[in-house]
Amino acid sequence: MIDMIEKIHERKQPDDFFEEDADWTVVEYLDMISTYTPDERVIFAARSDEKYKQFDADMDEPAIDPTGIIVFVYLLHDDEFFCERVPNLDEVYDRLYKALRNPFVGEFMVFEDGVRKDYRVKNAFEEVLHSYEVDRRRLPALLIEWY
């Protein structure tokens, strides 16, 4: 799990749409986690209505299989986050388009086979957009460009 959290915590690219995530350390992420089920759809989560699970850096928990598509979503209003397996790219696109328009989503990362897939969001004029620059509820058609 620590490997996945380190990937989430890596430095961002300048064209990233989401730039309002919390700047937590790996230990702070571990302290917030309330669910850890690496073999299920939701791999780990921090939910405000659940008690935190106790982890430490030497924990002997089952490892996360990085194979396939995994998304990480951070929700601003409650400092909640979850890391979840997604069955296909169609679902990733559907959820990503909704997240782009939701002002309460502070981060949406996509990992494929353990590697972060960077993307930029552009408008119809092919201008790169960032979440803090626009009213996200009123975004027109968007182009997702993976790089």
Side-chain angles (χ1 to χ4, degrees), residues 1-55 61 64-147:
M1 177 171 49
I2 291 175
D3 290 344
M4 179 59 85
I5 291 174
E6 286 174 343
K7 290 176 185 178
I8 290 165
H9 191 63
E10 285 176 359
R11 201 178 65 138
K12 304 205 175 311
Q13 303 296 325
D15 282 348
D16 282 355
F17 180 80
F18 294 103
E19 295 184 10
E20 35 194 0
D21 61 322
D23 191 21
W24 298 315
T25 65
V26 171
V27 172
E28 288 170 319
Y29 274 107
L30 287 174
D31 286 345
M32 296 175 68
I33 292 174
S34 58
T35 303
Y36 183 61
T37 51
D39 296 329
E40 296 181 21
R41 183 170 174 135
V42 175
I43 299 167
F44 62 83
R47 293 191 167 88
S48 60
D49 61 342
E50 294 177 357
K51 184 177 178 184
Y52 299 136
K53 191 170 170 66
Q54 295 297 316
F55 288 106
E61 295 284 337
I64 296 170
D65 179 5
T67 307
I69 302 169
I70 296 173
V71 298
F72 173 81
V73 179
Y74 166 59
L75 303 174
L76 293 166
H77 59 291
D78 286 331
D79 276 343
E80 294 183 338
F81 57 82
F82 59 90
C83 187
E84 180 178 7
R85 292 187 194 287
V86 179
N88 56 53
L89 282 176
D90 289 338
E91 185 170 331
V92 170
Y93 277 110
D94 182 52
R95 293 177 60 183
L96 179 55
Y97 279 109
K98 290 175 185 173
L100 293 173
R101 289 172 169 79
N102 184 342
F104 295 115
V105 174
E107 186 64 75
F108 190 102
M109 291 183 186
V110 179
F111 298 90
E112 188 169 23
D113 295 330
V115 177
R116 182 174 161 191
K117 292 180 60 78
D118 292 315
Y119 61 91
R120 58 178 64 97
V121 178
K122 293 183 175 181
N123 62 15
F125 303 107
E126 298 214 10
E127 300 167 321
V128 175
L129 301 176
H130 297 97
S131 62
Y132 61 87
E133 297 173 327
V134 293
D135 180 352
R136 292 169 54 183
R137 295 167 295 178
R138 294 176 175 34
L139 285 174
L142 299 172
L143 171 68
I144 305 295
E145 184 178 280
W146 302 94
Y147 65 97

Q) Would Glu91 and Arg41 pass as an ion pair if we require N to O under 4.0 Å? A) yes
Q: Using the side chain to side chain contact (heavy atoms under 4.5 Å, CB included) rule, take Val92 and Ile69 through it: C-alpha gap first, then chi angles, then the decisive distance, then the call.
A: CA-CA 8 Å; Val92 170; Ile69 302 169; 3.5 Å; yes
Q: Check the pair Arg116, Asp16 against salt bridge (charged side-chain N to carboxylate O under 4.0 Å, His left out), reporting the backbone distance first and the verdict last.
A: CA-CA 12 Å; Arg116 182 174 161 191; Asp16 282 355; 2.7 Å; yes
Q) Okay, side chain of Ser34, backbone of Ala45: is any donor-acceptor separation there less than 3.5 Å? A) yes
Q.
Checking Leu75 against Glu107 for the side chain to side chain contact (heavy atoms under 4.5 Å, CB included) test, could you report, in this order, the C-alpha distance in whole Å, the side-chain angles of both residues, the deciding distance, and whether it holds?
A. CA-CA 7 Å; Leu75 303 174; Glu107 186 64 75; over 6 Å; no
**Q.** Salt bridge Glu112-Lys117, side-chain N to carboxylate O under 4.0 Å
**A.** yes
Q: Could you label the plane-to-plane angle of the Phe81 and Phe72 rings as parallel, tilted or perpendicular, counting under 30° as parallel and over 60° as perpendicular?
A: tilted
(Q) Looking at every non-hydrogen atom in both residues, tell me the closest pair between Thr35 and Arg47 and how far apart they are. (A) OG1-NH1, 4.3 Å
Q) Got a second to check how far Asn102's CG is from Ser131's OG, nearest 0.5 Å? A) 11.5 Å
Q) What distance separates Met4 CE from Lys7 NZ, expressed to the nearest 0.5 Å? A) 6.0 Å
Q | Check: Thr37 side chain, Val42 main-chain N or O, donor-acceptor pair, under 3.5 Å | A | yes
Q. So how far is it from Phe111 CZ to Cys83 SG, rounded to the nearest 0.5 Å?
A. 7.0 Å
**Q.** Glu28 side-chain N/O to Thr25 backbone N/O, donor-acceptor pair under 3.5 Å
**A.** yes
Q: Spell out, as yes or no, whether a donor-acceptor pair under 3.5 Å connects the side chain of His130 to the backbone of Val121.
A: no
Q | Heavy-atom closest pair, residues Phe17 and Leu129 | A | CD1-O, 3.4 Å
(Q) Determine whether a donor-acceptor pair (N or O, by modelled atom type, separation under 3.5 Å) exists between the side chain of Arg136 and the backbone of Ala99. (A) yes
Q: State yes or no: are the ring centers of His77 and Phe104 separated by less than 6.0 Å?
A: yes
Q.
Taking the basic N atoms (NZ, or NE/NH1/NH2) and the acidic carboxylate oxygens, is any pair closer than 4.0 Å for Glu84 and Arg95?
A. yes
Q: Determine, stepwise, if the pair Lys122 / Glu145 fulfils salt bridge (charged side-chain N to carboxylate O under 4.0 Å, His left out).
A: CA-CA 8 Å; Lys122 293 183 175 181; Glu145 184 178 280; 3.1 Å; yes
Q | Interatomic distance, Asp118 atom CG to Met109 atom CE [nearest 0.5 angstrom] | A | 9.0 Å
Q. What pair of heavy atoms forms the shortest contact from Pro103 to Arg137, and how long is it?
A. CD-CG, 3.8 Å
Q. What residue among Phe18, Trp24, Tyr29 forms ring pair (Phe, Tyr, Trp, His ring centres under 6.0 Å) with Tyr74?
A. Trp24
(Q) For the backbone of Gly68 and the side chain of Asp113, can you confirm whether one donor and one acceptor N or O come within less than 3.5 Å of each other? (A) yes
Q | Heavy-atom side-chain proximity of Leu30 to Ile2 below 4.5 angstrom | A | yes
(Q) Just verifying a value: how many Å separate Glu80 CD and Ser48 OG, rounded to the nearest 0.5 Å? (A) 4.0 Å
Q: Evaluate the side chain to side chain contact (heavy atoms under 4.5 Å, CB included) criterion for residues Phe82 and Ile43: first the C-alpha distance (whole Å), next the side-chain angles of each, then the deciding distance (0.1 Å), finally the verdict.
A: CA-CA 8 Å; Phe82 59 90; Ile43 299 167; over 6 Å; no
Q: Please check if atom CZ in Arg138 has more than 12 non-hydrogen atoms from other residues, nucleotides or ligands closer than 6.0 Å.
A: no
Q | Atom pair CG/CG of Leu100 and Leu142 - distance to nearest 0.5 Å | A | 6.0 Å
(Q) Tell me which one of Ile70, Val86, Val71 satisfies side-chain contact (heavy atoms from CB on, under 4.5 Å) with Val110. (A) Val71
Q | Check: Ile144 and Leu96 side chains under 4.5 Å, non-hydrogen atoms | A | yes
